[in-house]
Amino acid sequence: MKLYLLVALLLTCCFSEIQAQELTKINEPVFKVGEQLSYKLKYGIFTAATADLRVESTDTKFNGQPAYHIIAEGKTAGTFDFFYKVRNRYETYVDEKTLLPYYYEENRHESNYKHSDKVTFDHQKDKITANKGSYPLKGQTFDFLSAYYFARSIDVSKMHIGEKFELHYFLEDTVNTLGITYVGKEKVSCSLGTFNCLKFNPTIVPGRIFKKNSKLYLWITDDANRIPVKAQVEVILGSLTMDLADTKGLKFPLNKVSKK
């Protein structure tokens, strides 16, 4: 199976905690320039891949507006790297106030396969332009990386258990819709310790990787950071777990219940 799909899925799940409906956004982003998040993707007890996300400053402006430069990199690890080497890089530029994307770029190297894409989001002409063509831009539509950071800044204080949401994101040549259900609050442990979290259940489609009855669960810190600390899903053989391994440059303190 292509490990980049698993890394991309879990990164997608990271932003799926909320939706792309017109909900109220917190007055300012919950992240800042210099923030870095590191994750391990585990297949059973083995680390299959790692992913690093960071927010950088940039002098590049779009329509005269300043932007954040956000980068995510994923790669295979250990024996997985020997049998199926993956080196993927994703970048997005988002407006500092609205957090909507202006430009997205991805470069994927998976064994002998290579893929790249450059995507422009024109909010004035309501048009998405990618390598494969042009597509209509309707409402709040993101690339999967910008959506993650936008979702973290949504006001979730009035969410109720069982409430469902949708998120719209563009990938390759399609605007996809992802449904998410809020499950409730739980304490969950990861490499950095135990945290009070909000739990979500994003929808997945059964296929070559996932079982018919597979469920994906995602835990987000119940604090001002809204950082995913863990995601877990059953696959055809075994299970996959995303685990928060390290953080740097956070805007707010983490709400650790206990340390590892």
Side-chain angles (χ1 to χ4, degrees), residues 6 8-31 37 39 41-42 51 53 99 139-142 144-169 175-207 209-235 239-244 247 250-260:
L6 306 179
L9 168 67
L10 292 178
L11 285 174
T12 299
C13 295
C14 289
F15 65 64
S16 67
E17 69 223 48
I18 319 298
Q19 23 59 31
Q21 299 177 21
E22 300 290 340
L23 290 191
T24 304
K25 187 168 68 67
I26 297 172
N27 290 332
E28 61 180 45
V30 300
F31 58 88
L37 305 175
Y39 293 91
L41 181 65
K42 296 182 178 180
L53 297 85
L99 301 185
Q140 292 175 328
T141 300
F142 306 85
F144 80 88
L145 186 55
S146 64
Y148 159 48
Y149 285 87
F150 176 87
R152 285 174 56 191
S153 294
I154 293 292
D155 184 358
V156 297
S157 61
K158 296 182 180 179
M159 292 180 61
H160 301 287
I161 293 176
E163 189 172 358
K164 295 183 179 181
F165 306 95
E166 289 184 345
L167 175 70
H168 304 291
Y169 64 99
V175 175
N176 303 276
T177 300
L178 182 66
I180 310 101
T181 302
Y182 174 55
V183 179
K185 296 185 177 183
E186 283 187 3
K187 290 182 181 179
V188 69
S189 297
C190 67
S191 297
L192 293 184
T194 301
F195 297 86
N196 292 315
C197 291
L198 304 175
K199 185 179 180 180
F200 296 85
N201 174 213
T203 301
I204 57 176
V205 179
I209 296 177
F210 303 109
K211 296 180 181 179
K212 182 178 180 180
N213 298 321
S214 291
K215 287 188 177 293
L216 171 63
Y217 291 107
L218 174 72
W219 290 267
I220 312 293
T221 56
D222 188 12
D223 62 11
N225 294 291
R226 295 286 191 250
I227 296 174
V229 298
K230 189 175 183 178
Q232 192 167 40
V233 62
E234 291 182 342
V235 291
S239 63
L240 287 169
T241 301
M242 182 191 72
D243 185 79
L244 180 64
T247 65
L250 299 182
K251 191 171 184 177
F252 305 99
L254 283 174
N255 69 337
K256 286 185 183 181
V257 176
S258 63
K259 297 182 179 178
K260 283 275 187 174

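Counting from 1, the numbers follow the sequence of the chain as shown.
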- Query: Taking atom NZ of Lys42 and atom CG of Leu240, what is their separation to the nearest 0.5 Å?
  - Reply: 12.5 Å
- Query: Heavy atoms, side chains only, cut-off 4.5 Å: are Val257 and Asn196 in contact?
  - Reply: yes
- Query: Would Glu28 and Lys251 satisfy salt bridge (Lys or Arg N to Asp or Glu O under 4.0 Å), going step by step from the backbone distance to the final call?
  - Reply: CA-CA 11 Å; Glu28 61 180 45; Lys251 191 171 184 177; 3.0 Å; yes
- Tightest non-hydrogen contact, residues Pro29 and Ser153, listed as CA-OG, 3.4 Å
- Message: Between Tyr182 and Ile161, is there a side-chain heavy-atom distance shorter than 4.5 Å?
- Response: yes
- Item | Side-chain touch Tyr149/Leu99, heavy atoms, less than 4.5 angstrom | no
- Message: Whether the side chain of Asn225 engages the backbone of Phe31 through a donor-acceptor N/O pair (distance < 3.5 Å, no angle test) should be reported.
- Response: no
- For the side chain to side chain contact (heavy atoms under 4.5 Å, CB included) test, which of Leu192, Val30, Ile220, Thr221 pairs with Ile227? Thr221
- Message: If I take atom SG from residue Cys197 and atom CG from residue Asp223, how far apart are they, to the nearest 0.5 angstrom?
- Response: 8.5 Å
- Is the closest side-chain heavy-atom distance between Asn176 and His168 below 4.5 Å? no
- Message: Set out, in order, the CA-CA distance, both residues' side-chain angles and the distance that settles side chain to side chain contact (heavy atoms under 4.5 Å, CB included) for Thr194 and Lys256, then state yes or no.
- Response: CA-CA 6 Å; Thr194 301; Lys256 286 185 183 181; over 6 Å; no
- Met242 CE to Lys230 NZ distance, which is reported to the nearest 0.5 Å: 10.5 Å
- With a 4.5 Å heavy-atom cut-off, do Phe195 and Lys187 have their side chains touching? no
- For Lys199 and Glu186 the tightest heavy-atom approach is NZ-OE2, 3.2 Å
- Would you check if Tyr148 and Pro228 make a side-chain contact, meaning some heavy-atom pair closer than 4.5 Å? yes
- Task: Examine the side chains of Thr241 and Asp243 and answer whether a donor and an acceptor come within less than 3.5 Å of each other.
- Result: no
